[in-house]
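What follows is one structure encoded as structure tokens, with my remarks underneath.
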There are 2 protein chains.
Amino acid sequence: MADTATGSPRTLLNETRCQTCSLSSLCLPLALELQDMDQLDAIIRRRAPLKKGDSLFRQGTPFTSVFAVRSGSLKQMTTEGGGEEQLTNFYLPSELAGLDGIGEASYPGTVVALETTTVCEIPFDRLEALSETLPELRGQLYRSMSKEMRDDRRMMRLLSRKTADQRLATFFTNLSDRFRRRGYSPFSFRLSMSRADIGNYLGLAVETVSRILGRFQTQGLVAVSGREVNILDLEALIEVAEQEGCR
Amino acid sequence: MADTATGSPRTLLNETRCQTCSLSSLCLPLALELQDMDQLDAIIRRRAPLKKGDSLFRQGTPFTSVFAVRSGSLKQMTTEGGGEEQLTNFYLPSELAGLDGIGEASYPGTVVALETTTVCEIPFDRLEALSETLPELRGQLYRSMSKEMRDDRRMMRLLSRKTADQRLATFFTNLSDRFRRRGYSPFSFRLSMSRADIGNYLGLAVETVSRILGRFQTQGLVAVSGREVNILDLEALIEVAEQEGCR
DNA sequence: CGGGTGGTTGATTTTACTCAACTCAGGTGG
DNA sequence: CCACCTGAGTTGAGTAAAATCAACCACCCG
């Protein structure tokens, strides 16, 4: 997705402050006054871009910071009892990774870059301290956390009640929506994750993902070529995603 | 579960203060000084007990408070697009319901009592205000939220990777553990939820739940009679729950 | 040019769902 | 007090959906 992200909304290199960041209206600064934004700005650490496959933090590593994605994308994975990995989330620009480590000694999951990705590191103790005097910031943090909880609930619903077709359709409409909100085309984008990632995330075998993508294609819902996606009939896709009483 | 909850750890009627509440070591007051606890205490509203089937709040109702369970148990459900209900959580004594509504205008789910249940209502604006001066309280709130996020992740893992057997085994070991932490027997308890609830929660058909319970019984893992559960071989149950590479 | 990864397609199998019948316990009302 | 009814739970038979196994393709990179 970063490949796309370096595109449309101008992502200037000197865009190193919340005030000038094109994502500020979606990210933590949302609802902050200019001067407050400066204060938040002061505690944020910019990091060297992550390369594809680099991990932002690993499961079990001491928890220190939450991270806002500036460009690119991340995936979060958890391993339990030495078993295989479960992919629990994708993070797009303006989204916060690491929230589920708050209050814990260590991160409960590993977060890895799916492509070249830049993030803002926000040391949590500093954020905590700052939020003591900035109610809006605190509120925003709560909002981010409870939003992630609601997203998790939606995901649980998807995993326990939806068919493979519905899962894929939901995945695409959800991505489309998130791109739209960020100012990118909701109809045409590049997937930064592999089919295996998608399958893992949606609780499906890779083969199933592939097959259903093929079917969607013949049905004229989407045009997929490798990781390039064109949504041809968003309405119909939403229809598939939400159709009920199928099982 | 309340049936059990009214039992062992003495639940006196005049136990109307956090300081004397047997759950304070698990609930929000955890890590608070005595005097701080008093302050929290002051904002908490006790409510008349809910009867089985009563709803604590309904999806779409304006968000005002979070609720700590004092005795009994709750289930949380969400309906999406007029579809059927998805059961997303059970709440036992000391656990907080409503966290996922924080920062939203309305509750994203409906919470219903599974049996006679008493709760402490904590108006969120008051909690917010109080947490401004009590870092420990704030931290505890963060911890509760991020814990729920981690539980959600575990649930997602369960729904997308585990077999029906593993799901049931996980469900029982998890319940057992939660009862143990609360001072009840980890081996013998009463389910406050129906088979349908369990199935809905675990993403399984009622019949499947029933069948697997039967199998567990013949395997000597548990003895189930109606809603009365005796765990006969917790080790083996954990084994089943965690076995990997089965699919 | 060869090896490897990521992706697709086909055939078969497995798992859990659906549909249906049936049991059981609790509650109600005659 | 008992017959009946209802809802919850169990059990069985057949089915459908997606997993697995296996082969194959295409692109990329050295």
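Each chain gets a letter, A, B and so on, in the order its sequence line appears, and its residues count up from 1.
Summary for the helix from dC1(C)-dG30(D) to dG30(C)-dC1(D): the axes at its two ends, each from 5 pairs, differ by 30° when rounded to the nearest 10 degrees.
Contacts of Thr110(A) classified as side-chain contact (heavy atoms from CB on, under 4.5 Å), with partners at least two apart in sequence or in another chain: Ser55(A), Arg58(A), Gln59(A), Met77(A), Val112(A). Remark: Arg157(B) pairs with no residue by the side chain to side chain donor-acceptor pair (under 3.5 Å) rule, at least two apart or across chains. Qualifying side-chain contact (heavy atoms from CB on, under 4.5 Å) partners for Asp54(B), counting only residues two or more places apart in sequence or in other chains: Leu50(B), Lys51(B). Shown here are the side chain to side chain donor-acceptor pair (under 3.5 Å) partners of Ser94(A), two or more places apart in sequence or in another chain: Arg182(A). Listed by chain and residue number, Arg150(A) satisfy the side chain to side chain donor-acceptor pair (under 3.5 Å) test with Ser146(A) (two or more places apart in sequence, or in another chain). Contacts of Glu148(A) classified as side-chain contact (heavy atoms from CB on, under 4.5 Å), with partners at least two apart in sequence or in another chain: Asn89(A), Tyr91(A), Leu99(A), Asp152(A), Met149(B), Arg153(B). Ser194(A) pairs by the side-chain contact (heavy atoms from CB on, under 4.5 Å) definition with Ala196(A), Asp197(A), Arg227(A), not counting sequence neighbours. Under the rule for a ring-ring contact (aromatic ring centres under 6.0 Å, His included), the partners of Phe67(A) that lie at least two apart in sequence or sit in another chain are Phe57(A).
Close placement of the Tyr201(B) and Phe90(B) rings is indicated, their centers lying within 6.0 Å of each other.
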Pairwise N/O distances under 3.5 Å, protein to nucleotides 28-30 of chain D:
none

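dG7(D) atom C1' lies 13 Å from atom CG of Asp197(B), rounded to whole Å. Atom CG in Asp165(B) sits roughly 16 Å away from atom P in dT14(C) (whole-Å rounding). What separates CG of Leu168(A) from P of dT8(C) is a distance of 11 Å, to the nearest Å. Rounded to whole Å, atom P of dG6(C) lies 17 Å from atom CG of Leu213(A). Atom CZ in Arg227(A) sits roughly 10 Å away from atom C1' in dG7(C) (whole-Å rounding). When rounded to the nearest whole Å, the span between CG of Leu191(A) and C1' of dG7(C) equals 13 Å. We find that CZ of Arg167(B) is positioned 7 Å from P of dA16(C), with the value rounded to whole Å. Rounded to a whole Å, the NZ atom of Lys162(A) is 24 Å from the P atom of dA16(D).
Looking at heavy-atom distances under 4.0 Å, Arg215(B) makes no contact with the nucleic acid at all.
Sorted by residue number, the members of residues 199-211 of chain B with any non-hydrogen atom under 4.0 Å from DNA chain C read Gly203(B), Leu204(B), Ala205(B), Glu207(B), Thr208(B), Arg211(B).
There is no side-chain donor-acceptor pair under 3.5 Å between Glu228(B) and Ser225(B).
Dashed line: the shortest gap from a side-chain N or O of Arg195(A) to OP1 or OP2 of dT5(C) is not under 4.0 Å.
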Cut-off 3.5 Å, no hydrogens considered: what does the side-chain donor-acceptor table look like for residues 215-222 of chain A, sequence neighbours left out?
| from | atom 1 | to | atom 2 | distance (Å) |
| --- | --- | --- | --- | --- |
| Arg215(A) | NH1 | Asp165(A) | OD1 | 3.0 |
| Arg215(A) | NH1 | Asp165(A) | OD2 | 2.6 |
| Gln217(A) | OE1 | Val224(A) | N | 2.8 |
| Gln217(A) | NE2 | Val224(A) | O | 3.4 |
| Thr218(A) | OG1 | Arg215(A) | O | 2.8 |

